[in-house]
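Structure, as structure tokens:
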Amino acid sequence: MKTFKSMAVAVMIASLPVAAMATPTVKSQDLADKHPATRQVSAHKQTYGVTAQAVSKAKAYKPTDNYTATWKRADALKVRMDVTNTTPVIPADFPIMTDKVWVWDTWPLTGLDTKPLKYKGWQVIMSLVAPRDIPFGDRHWQARIGYFYSKDGHNWRYGGHLFPDGYSKGSREWAGTAILTGKNQVTQFYTASGHDGGGINNTDFQQRLAQSTGQIHADEKGVWFTGFRNHRIIAEADGDLYQSEEQSINSPIIYAFRDPFVFRDPKDQKIYALFEGNTPGVAGTYECTKKDLGNLPPGHVVPDNANLYTGNIGLMSASSKDITKAKWKLLPPVLSANCVNQQTERPHMVFKNGKYYLFTISHQFTYAPGLTGPDGVYGFVGPALRSDYKPLNASSLVLGNPPEAPVQNYSHEVLPNFMVESFIDTVPTGNGQVRFGGTLAPTLQLKVDGANTYLTRTLPYGYIPALASVK
Ligand code: FRU
């Protein structure tokens with residue numbers, strides 16, 4: 001039992017965010033046969049979200065209330081690929097940002113308002129990086145946070161690791177948020193993955209949320225950092241509001257307690273963090289509710305093991321406006337995907353005209369049995385941080401990979417101007433061959449109308465514009 005379990009989990013995590021190892025043998029035709037919903041890309045918009053008026057009327061709660069919105073099975077059944085939500089195919093001869101490191105999950109240095117910043121004329125992005133000479137699929141177990149800087153927001157120079165060696169918590173650094181406060185103070189929130197000092201170990205799934213503060217410096221030649229010597233764990237899965245690692249023992253896909261996204265809520269001006277979690281309780285004991293299922297069509301059978309898929313988007317609040325010192329308190333999740341999807345990764349938020357656009361990334365292989373959808377970014381909209389979120393485009397699919405390149409893009413972040421940055425994962429090059437990306441993909445522009453989104457433009461590779469500046 002134990003062997004079977006650990007093997008299954010090891011296989012899952014090996015292919016977890018990238019499916020890189022499985023890719024050479026996966027042909028798009030096989031995927032089409034298994035996943036009819038992703039078979040065709042329609043020339044017309046296939047599903048429409050509710051009206052802007054309906055979004056405004058959706059019920060709003062206090063951030064501390066015990067209300068969790070749901071991504072319902074009935075919503076996910078509406079996933080359809082069309083020209084408004086399908087990522088354009090990336091040519092196999094895409095350029096790379098650096099030949100030193102694989103680059104994947106990326107987030108810009110922002111203010112608490114989530115706007116990417118220009119600091120003394122430079123923009124900075126943080127990326128998960130690993131040496132480019134290790135196999136692409138091994139990168140998660142050696143992940144560090146690296147940084148890049150740029151004058152124009154798309155020609156990026158690699159600056160090295162953000163933290164000095166040996167100081168971060170865990171045995172590797174996973175995704176987070178970098179926030180500039182004061183004159184030059186940068187606080188990096190991140191996932192301390194693996195046990196402290198655990199070395200390279202792909203069966204150690206512990207995940208905790210951590211933070212550390214340093215200073216940014218810049219001159220005409222570039223950007224560098226000092227500090228980041230004090231690191232502290234700010235949250236752990238408690239088994240009560242969020243599933244703990246122990247409770248997840250029977251889960252076919254690893255549990256999550258990762259990817260903190262820190263921001264100031266424009267309504268109450270308090271500071272919160274979203275993160276990826278799972279519904280608490282021993283895996284397999286959850287009972288799917290009517291609110292998880294929605295209005296299902298006749299004949300839709302919910303397979304018994306759908307209850308093993310319990311992703312959610314967690315919330316925690318900071319005790320003070322000084323993020324360097326604040327204590328963090330877990331609150332109930334803002335949204336759950338029980339019986340729909342096991343992973344709602346890298347959740348993040350865009351605030352626009354009083355509306356809250358909640359985005360998350362997810363995979364085809366993490367959908368509960370009886371459902372499917374492409375790897376990509378999914379989204380919801382509501383009138384408040386905690387509210388009865390409505391799925392964008394009726395299904396919540398915002399941008400999915402094209403059927404002929406099912407693991408082409410991943411780890412999207414929707415910026416405050418609805419540009420979407422992501423990285424190139426694996427691109428088919430013909431004859432069953434692939435090229436691994438490990439570099440930023442072309443940025444895509446969305447237009448948002450009520451609860452509907454439209455892909456309208458392809459921008460340069462890795463384009464992340466500054467939307468505010470600090471002198
Ligand atoms: C998404 C992700 C994150 C995690 C990181 C690990 O691509 O799975 O959830 O922090 O990658 O590499």
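Since we're looking at a predicted model, the values are computed, not measured. All ligand and atom numbering here is 1-based and tracks the order in the structure.
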Under 3.5 Å between any N/O of Arg346 and any N/O of ligand 1: does that happen in this structure?
no
Taking only heavy atoms of Tyr410 into account, list the atoms of ligand 1 that are under 4.0 Å away from them.
1 (C), 7 (O)
For Trp104, atoms of ligand 1 separated by under 4.0 Å from a heavy atom:
12 (O)
Does the cation-pi check pass for Arg435 over Phe94, that is, NZ or CZ under 6.0 Å from the six-membered ring centre and within 45° of its axis?
yes
Glu173 CD to Gln188 CD distance, which is reported to the nearest 0.5 Å
8.5 Å
Going by the atom numbers of ligand 1, which of them fall below 4.0 Å from some non-hydrogen atom of His140?
6 (C), 12 (O)
Could you note down all residue pairs passing salt bridge (Lys or Arg N to Asp or Glu O under 4.0 Å) where residues 224-242 supplies at least one of them, sequence neighbours left out?
none
So how far is it from Ser411 OG to Leu128 CG, rounded to the nearest 0.5 Å?
7.5 Å
Heavy-atom pairs closer than 4.0 Å: do any link ligand 1 to the side chain of Leu128, the backbone, both, or neither?
side chain
How far does CG of Leu109 sit from CE of Met126, to the nearest 0.5 angstrom?
5.5 Å
Please say whether Ala175 places an N or O atom under 3.5 Å from an N or O atom belonging to ligand 1.
yes
Close approach, Ser411 and ligand 1, non-hydrogen under 4.0 angstrom
yes
Closest to atom 1 (C) of ligand 1 by heavy-atom distance, out of Asp105, Ile254, Asp259, is Asp105
Going by the rule side chain to side chain contact (heavy atoms under 4.5 Å, CB included), which residues pair with Ala192 if we only count those two or more places apart in sequence or in a different chain?
Lys169, Tyr190, Arg208, Ala210, Ile233
